[in-house]
Chemist: 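One structure is given below, represented as structure tokens, and several questions about it will come after.
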There are 2 protein chains.
Amino acid sequence: MTETARSTSTDVARRAGVSRATVSYVLNGRSDQSIPEPTRRRVLDAANELGYVPHAASRALRAGRSRLVLLIDADVPWSTNITDAEDALTAVVAATGRSLVVWRRHGPGDLAATLANLEPCVAITLQPLDVADVSLLAGLHIPLVTADLGTPGADSATRVQLEHLAGHGHRRLGYLTTSEPSLQQFAGPRTAGFLAAAAGHGLAAPVVVALQGASAPDVRDVASVLSDWTSRPDPVTAVACFNDLHAAACLAAAASLGLTVPDDLAVIGLDDDDFAPFTSPALTTVRLQPQGLAHHLWALATHLLDEGPEPDPFAPPGRLVERASVHRPPTAPTERKP
Amino acid sequence: MTETARSTSTDVARRAGVSRATVSYVLNGRSDQSIPEPTRRRVLDAANELGYVPHAASRALRAGRSRLVLLIDADVPWSTNITDAEDALTAVVAATGRSLVVWRRHGPGDLAATLANLEPCVAITLQPLDVADVSLLAGLHIPLVTADLGTPGADSATRVQLEHLAGHGHRRLGYLTTSEPSLQQFAGPRTAGFLAAAAGHGLAAPVVVALQGASAPDVRDVASVLSDWTSRPDPVTAVACFNDLHAAACLAAAASLGLTVPDDLAVIGLDDDDFAPFTSPALTTVRLQPQGLAHHLWALATHLLDEGPEPDPFAPPGRLVERASVHRPPTAPTERKP
DNA sequence: GCTCCTTACTTACACGTGACACTAACAAGC
DNA sequence: GCTTGTTAGTGTCACGTGTAAGTAAGGAGC
């Protein structure tokens with residue numbers, strides 16, 4: 001196999017015996033141009049035989065917009081839900097002929113450099129950017145789609161947490177969350193949603209504690225919180241957590257205090273991470289369904305791009321995954337997945 | 001603020017009172033062109049005032065190569081090590097003025113579509129692609145860098161696992177891995193590395209079992225394996241696992257069988273995932289150091305691109321993270337991180 | 001005064017695509 | 001036979017950049 005050059009639309013035109021314009025009309029399937037079937041076929045065959053693929057950069061230059069969609073990920077710890085959301089978004093975007101690529105920001109100054117290399121694209125972010133970044137995008141005329149998860153009621157998953165605990169008779173609740181700045185975008189609405197749901201069920205306001213720690217809290221810190229909560233006059237009997245990692249820390253802390261889960265203390269997580277079946281006891285948690293979020297985000301994007309209709313506000317629904325950390329299951333705490 | 005158009009090098013030239021070529025020479029810092037300081041300064045000031053950023057698509061068209069590096073990720077479950085490797089690679093690539101973007105493949109046919117949208121770029125993959133994909137890249141003249149982790153001795157992390165177990169007196173070992181096809185690229189070398197290290201230490205060949213399961217194995221399957229291993233005439237006293245998720249399943253299975261870890265059975269993982277401190281007992285594991293891998297990959301890339309020197313083969317080193325699943329720590333099994 | 005060399009630029013092309021405007025050939029209408 | 005309309009195309013420009021080739025001005029050499 002010799003060193004062959006990339007074939008261009010000029011090569012296709014020459015091989016099909018037509019002009020380059022005709023090639024463009026055929027391959028872009030324009031209906032306002034009359035192209036007889038034999039010619040159309042000649043062009044298509046030539047393109048196939050040459051393995052012609054339009055040059056992305058050239059096309060982006062001409063169109064003023066590339067077919068890339070940049071997902072700007074914050075530098076936060078991963079969870080199943082984030083990768084699920086990414087996968088769903090990848091599929092949705094691919095269905096429109098575009099491609100989603102993910103960029104994890106590394107420092108504050110990197111965004112400008114990255115955009116300079118991607119430029120005529122579309123950007124999506126799962127958490128709000130600060131003012132400087134937004135004006136950066138505006139200066140380059142890059143449309144930005146933001147998942148506004150901060151709207152009231154946006155986090156219905158915490159309602160699922162609360163309803164499960166309340167349904168099992170727990171009246172005095174604790175909420176364990178994080179004080180990590182980069183996670184506040186998620187932590188804020190979740191805490192608010194949990195408190196609102198508790199109020200809606202006529203429960204006393206849950207006690208909330210936010211612990212530091214870049215990805216996970218320290219077990220000793222959690223133990224001291226639990227020790228405090230369970231030794232009150234009206235002891236906390238159930239703890240809902242910001243995510244599964246916090247819940248796992250909570251289980252470890254309970255064990256170190258000699259508390260039995262779920263009898264002395266119920267614990268519920270959020271995310272359904274891969275390790276959730278393997279904690280002791282196996283973690284009851286709530287799984288988000290990010291496929292809907294992906295469709296919502298892309299609807300927002302098309303609204304910005306092609307003037308599609310503005311989509312309704314959207315709250316990703318949560319699905320309860322019942323294991324053994326809120327109440328004892330009828331059988332052994334091991335599980336068999338489908 | 002009015003709707004202003006993107007500024008181009010023509011705008012900069014007009015504002016500085018020079019031709020577009022001069023602008024290009026100044027901004028690209030060409031040393032073979034003589035540009036007096038006052039002119040240089042006028043151009044730089046004009047570019048700053050207009051917020052000029054070169055158009056990425058146009059530049060890629062002209063240069064025949066974009067400044068994007070595409071990391072092709074397989075559709076495998078995440079671990080701390082993969083995201084660490086991505087982050088390190090992002091930093092290394094950014095230091096060269098290029099940008100790394102990540103694409104998670106979703107189906108077999110998607111690669112062609114994605115490349116058509118990115119085209120004049122560079123591709124990096126952490127696991128080998130099949131023949132069709134490689135020829136696809138070749139047809140589009142996209143350089144491909146592959147991390148060849150399958151070379152002998154490439155997985156030194158398993159040697160760390162073995163040495164820790166052997167150092168604590170374990171002579172009869174089990175190795176628990178996965179039969180999942182998409183993970184074989186990692187599983188194969190790891191198993192081979194563990195067996196080789198065991199032979200090197202004069203131990204009997206470890207018993208190996210590969211379980212199915214897309215991300216994690218089923219606890220009952222693991223329990224039946226452990227039950228078998230521990231009831232032999234020469235019972236297995238320590239188990240090394242493919243990753244931390246398998247190790248967590250192993251701990252849960254041991255608990256369900258009434259085995260005490262580490263007294264009845266030692267368990268060691270690989271990855272140091274975020275949840276590892278929270279298992280019961282806290283998981284002893286091995287953390288890979290992917291920063292070195294990132295540098296190695298980029299050295300391979302520059303070798304392909306600019307004819308830099310070919311780098312030496314590289315094996316990412318593993319670092320032992322000692323917790324409580326191989327031997328009892330002197331104090332309580334909770335831990336405080338720095 | 002003429003050539004030769006350097007300095008400080010400018011003009012013009014190429015990269016590959018998409019699309020508007022134009023045209024040659026031919027049939028229909030009267 | 002002339003206009004009008006349709007069919008099946010083609011010629012050419014624009015997108016924004018990087019750079020090779022060209023050129024006008026000014027001084028040195030004789």
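Sequence lines set the chain letters: A, B, ... in the order given, protein chains first and strands last, and positions in each chain run from 1.
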Chemist: Based on the rotation axes of five pairs at each end, what angle does the helix from C/dG1-D/dC30 to C/dC30-D/dG1 bend through, to 10°?
Modeler: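 So the angle between the two local helix axes works out to 70°.
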Chemist: Salt bridge check: are B/D84 and B/R287 linked by an N-O gap of less than 4.0 Å?
Modeler: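 The answer is yes: the pair qualifies as a salt bridge.
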Chemist: Quick one: does B/T39's side chain have a donor or acceptor within less than 3.5 Å of a partner on B/I35's backbone?
Modeler: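 Such a contact is absent between B/T39 side chain and B/I35 backbone.
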Chemist: Expressed as a whole number of angstroms, how long is the span from B/H141:NE2 to C/dC15:C1'?
Modeler: 15 Å
Chemist: For every nucleotide of nucleotides 16-25 of chain C, 5' to 3': is a protein heavy atom under 4.0 Å from its base (B), only from its sugar-phosphate (S), or from neither (-)?
Modeler: BBBBBB----
Chemist: Determine, for A/R42 against A/D45, whether the closest basic-nitrogen to carboxylate-oxygen distance falls under 4.0 angstrom.
Modeler: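 Answer for the salt bridge query: no.
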Chemist: Could you give the CD1-to-P distance, from B/I35 to C/dT6, as a whole number of Å?
Modeler: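 Those two atoms, CD1 and P, are 18 Å apart.
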Chemist: Between which nucleotides of DNA chain D, 5' to 3', does chain A make heavy-atom contacts below 4.0 Å?
Modeler: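 Both ends considered, the range comes out as D/dT7 to D/dG16.
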Chemist: Sort out for me which residue in B/L111, B/T114, B/I124 forms a side chain to side chain contact (heavy atoms under 4.5 Å, CB included) with B/I72.
Modeler: B/L111
Chemist: Find out whether A/S7 and A/V12 are in side-chain contact, i.e. whether some heavy atom of one side chain is under 4.5 Å from a heavy atom of the other.
Modeler: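 In short, these two side chains do not touch, never coming nearer than 4.5 Å.
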Chemist: Does B/T22 have a side-chain nitrogen or oxygen under 4.0 Å from the phosphate oxygens OP1 or OP2 of C/dT10?
Modeler: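 So the side-chain polar atoms of B/T22 do come within 4.0 Å of the phosphate oxygens OP1 or OP2 of C/dT10, strictly under.
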Chemist: Out of B/D110, B/L129, B/D73, which one pairs with B/R105 under the side chain to side chain contact (heavy atoms under 4.5 Å, CB included) rule?
Modeler: B/L129
Chemist: Between B/L68 and A/L68, is there a side-chain heavy-atom distance shorter than 4.5 Å?
Modeler: yes
Chemist: Just verifying a value: how many Å separate A/R6 CZ and A/D11 CG, rounded to the nearest 0.5 Å?
Modeler: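 Answer for the CZ-CG pair, A/R6 versus A/D11, is 9.5 Å.
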Chemist: Under a 4.5 Å cut-off applied to non-hydrogen side-chain atoms, are B/R15 and B/V43 in contact?
Modeler: no
Chemist: Mind checking the OH-CG spacing from A/Y52 to A/L44? Nearest 0.5 Å is all I need.
Modeler: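 Reported value, rounded in 0.5 Å steps: 12.5 Å.
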